[in-house]
Amino acid sequence: MSLRPVKSAGPLARSGGLFTLVFMAPFLLYVTAFLILPTLMLLATAFLGKHGPTLHYVASLGQGQTVVAFRNSIELSALAALVGLVVGGLAAYFVLRPGMPRGLRSLVTTFGAVAANFAGVPLAFAFIATLGSLGMITVWFKDIGVNLYGMGFTLYSMPGLVLVYAYFQVPLMIIVITPALEALRREWREAAENLGASTWDYWRHVGLPILLPSLLSAYILLFGNAFSAYATPYALTSGIVALVPVEISNVLSGNVMVSQQTGAALALGMIVVMVVVMGIYALIARRVGRWVKR
Amino acid sequence: MSYLQLDAVAKHYGSRTVLRDVSIDLKAGEFVSLLGPSGCGKTTLLRIVAGFDQPDSGRVVLEGRDISGLAPAKRQMGMVFQAYSLFPNMTAQENVQFGLRVRRQDAAAQQKRAREVLELVGLAEHAQKYPHQLSGGQQQRVALARALAISPALLLLDEPLSALDAKVRVQLRDEIRRIQQETGVTTLFVTHDQEEALSISDRVVVMHDGVLAQVGEPAAIYGEPANIFVARFVGAVAELPGVVADGSGGMVTVLGRQVAASRARGMAAGTRVYFLLRPETVRLGPPDAAGMLHGTVIARTFFGALTSLKVEITGGTDCVTAAMASGDAANIAIGSTVSVNWDPDSPRLLVA
Ligand SMILES: Nc1ncnc2c1ncn2[C@@H]1O[C@H](COP(=O)(O)OP(=O)(O)OP(=O)(O)O)[C@@H](O)[C@H]1O
Ligand SMILES: [Mg+2]
């Protein structure tokens, strides 16, 4: 093959030159069009006022209402991701245990795929119909003498939102963690047992450490999924609990005012949060995945 | 008294009987192989010994103590699996220390013991590597070291070499034997490879469809197969239909000719037998010689030092294989007619 350049110049040439370029081009184009350009647009919008460059809109992120929205969004996402991680992880574990009927597995997977995508307005109304102040379950509970709302519960609050988010977080977790659980080899468990390990020893020294990188990525995915959820909280709480995606919608569609720039600044803030979260993830992942084959 | 005693162990999966009343005794320090074709129940038996599976009936007795109901973690047995059993998140040394760690031994003792056994398997300098940084053969050595680290009452190996290439397989096989003799650990070794079983065992247990076909020393298994299954499964053998012609003279009628076989002595005339010839006992000569049988050479397989020639016996489609020094075999062309001879003590006869 004499087509290859004598001197490899840069990463493209190193990894196969023209071929790589041809096959990578559509992907690069896609990334540019739908990831890089919009981000640049956001940047430009957020930093450009009527009279040239300005820090005004980005600085407004520090205002009380906005700070609350960010804190709420981060707390809600962190909590909803944790609930999804734990409940979904345990559910997947029990479904995959040997001796469970095969049918259960495909049932759960199918249900998971549907439920993970059942979000937005329909989900919100489904919950209002069941756990709203006049919802079916709320009323049932009242009938047997338990007044949920009297006890301080309300669907239109942080705990309520976590509960609603769990509806799509748990199935998503089941879907993403199943392959990792299936990759735990029976030999590892039996070797541990054979060497005298208790179930707890096995999970502590073998099972969980092996799963940890997958659990971390799953957590990030769940966090991002909750962080960007918009339609569900909008339909459910619109305004009661301030969340960043809802705020963006407010400033763009103009309940109070219309400001493209403030919207862009908020979106930029979300990107920064995700970048920071992923940075932390990268740091931890490197440590917990030392043994992973690269 | 036997060290490990399997007493009428039986196991069914649904309506399928995997083991029927298997009884084996191991002496302390003995190396015993379980040999048999795929699906005959070797792994099942080993897993019952390790405690991973429960027998439907029968007992596992170790040093006089019935351990049938004991959890695997309490049996103090070291098991080596076929492949990929090392914990991927631990270095070789951490893997080896695992059994000591869960026994809450102090760190210094753990490390000392780990170094000892890693040295024993020749991997001391790879102690800090993760499994994926080791070759398949090295991984199995670490697995062996890990099993040995806990000074097991019994070493159990389930086809530990089958995922390795031929050369490494032979190397590690010999090494397992050396290590076993050095440590004196009583060992149960599962394999479907008869050469492997014959070459490293004190005794071989040949299994067939969940029953013991024969138990004995390698030479006995090869030289005196107890039944036609063992004869066919262990080593190559030519199998001709025979009828005892003369019980006092040691003569058998094979393919219409009376041939000598001293083992026919004492058998009733007219008994139908499998007339068995190992390739290395068959001698080919010029066709005019007073051969016991005659035939035509139809195939040749070169093995290096040895060459085997396949001879179709005249008057039928039955074949005999002769193994001989490659130099001698070179003088015999395919298609040539030869006489087929043997020492009268060589043929084995099994009642058909
Ligand atoms: N958990 C199980 N459920 C049902 N049948 C099983 C189970 N385990 C083993 N068997 C059956 O029992 C028989 C013996 O299996 P086993 O694994 O002991 O064979 P083996 O001699 O080790 O074979 P191989 O050389 O292929 O490993 C097989 O027919 C297998 O299908
Ligand atoms: Mg097996």
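Residue numbering restarts at 1 for every chain, and letters A, B, ... go by the order of the sequence lines.
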Can you say whether B/Leu86 sits under 4.5 Å from chain A via the side chain, the backbone, both, or neither, judging by heavy atoms?
backbone
Relative to chain A, which segment of B/Ala83 carries a heavy atom at a distance below 4.5 Å: side chain, backbone, both, or neither?
backbone
B/Gln93 side chain to B/Gln97 side chain, donor-acceptor N/O pair below 3.5 angstrom
yes
Only pairs of heavy atoms separated by less than 4.5 Å count here; which of A/Ser198, A/Pro209, A/Ala191 has the most with chain B?
A/Ala191
A/Asn225 (side chain) donor-acceptor with A/Leu221 (main chain) under 3.5 angstrom:
no
Pick from A/Val288, A/Leu212, A/Val206: which one has the most heavy-atom pairs with chain B under 4.5 Å?
A/Val206
Mind telling me whether A/Phe168 and A/Tyr165 have parallel, tilted or perpendicular rings, with 30° and 60° as the class edges?
tilted
Chain B contacts, top residue of A/His205, A/Glu193, A/Glu190, A/Arg185 (heavy-atom pairs, under 4.5 Å)
A/Glu190
When heavy-atom pairs shorter than 4.5 Å are enumerated against chain A, which of B/Pro131, B/Ser85, B/Pro88 gives the highest number?
B/Pro88
Using a 3.5 Å distance criterion without hydrogens, assess whether the side chain of B/Thr91 forms a donor-acceptor pair with backbone atoms of B/Lys129.
no
Side chain from CB out, backbone as N, CA, C, O: work out which of these in B/Arg103 comes under 4.5 Å of a heavy atom of chain A, or both, or neither.
side chain
Is a side-chain donor-acceptor pair under 3.5 Å present for B/Gln82 with B/Ser162?
yes
Using the ring centroid of each side chain, check whether A/Trp203 and A/Tyr93 are separated by less than 6.0 Å.
yes
Parallel, tilted or perpendicular: ring planes of A/Phe23 versus A/Phe19, cut at 30 and 60 degrees
parallel
What part of A/Arg186 gets closer than 4.5 Å to chain B, counting heavy atoms only: side chain, backbone, both or neither?
side chain
Okay, B/Arg146 and chain A: the region with an atom under 4.5 Å from a heavy atom over there is both
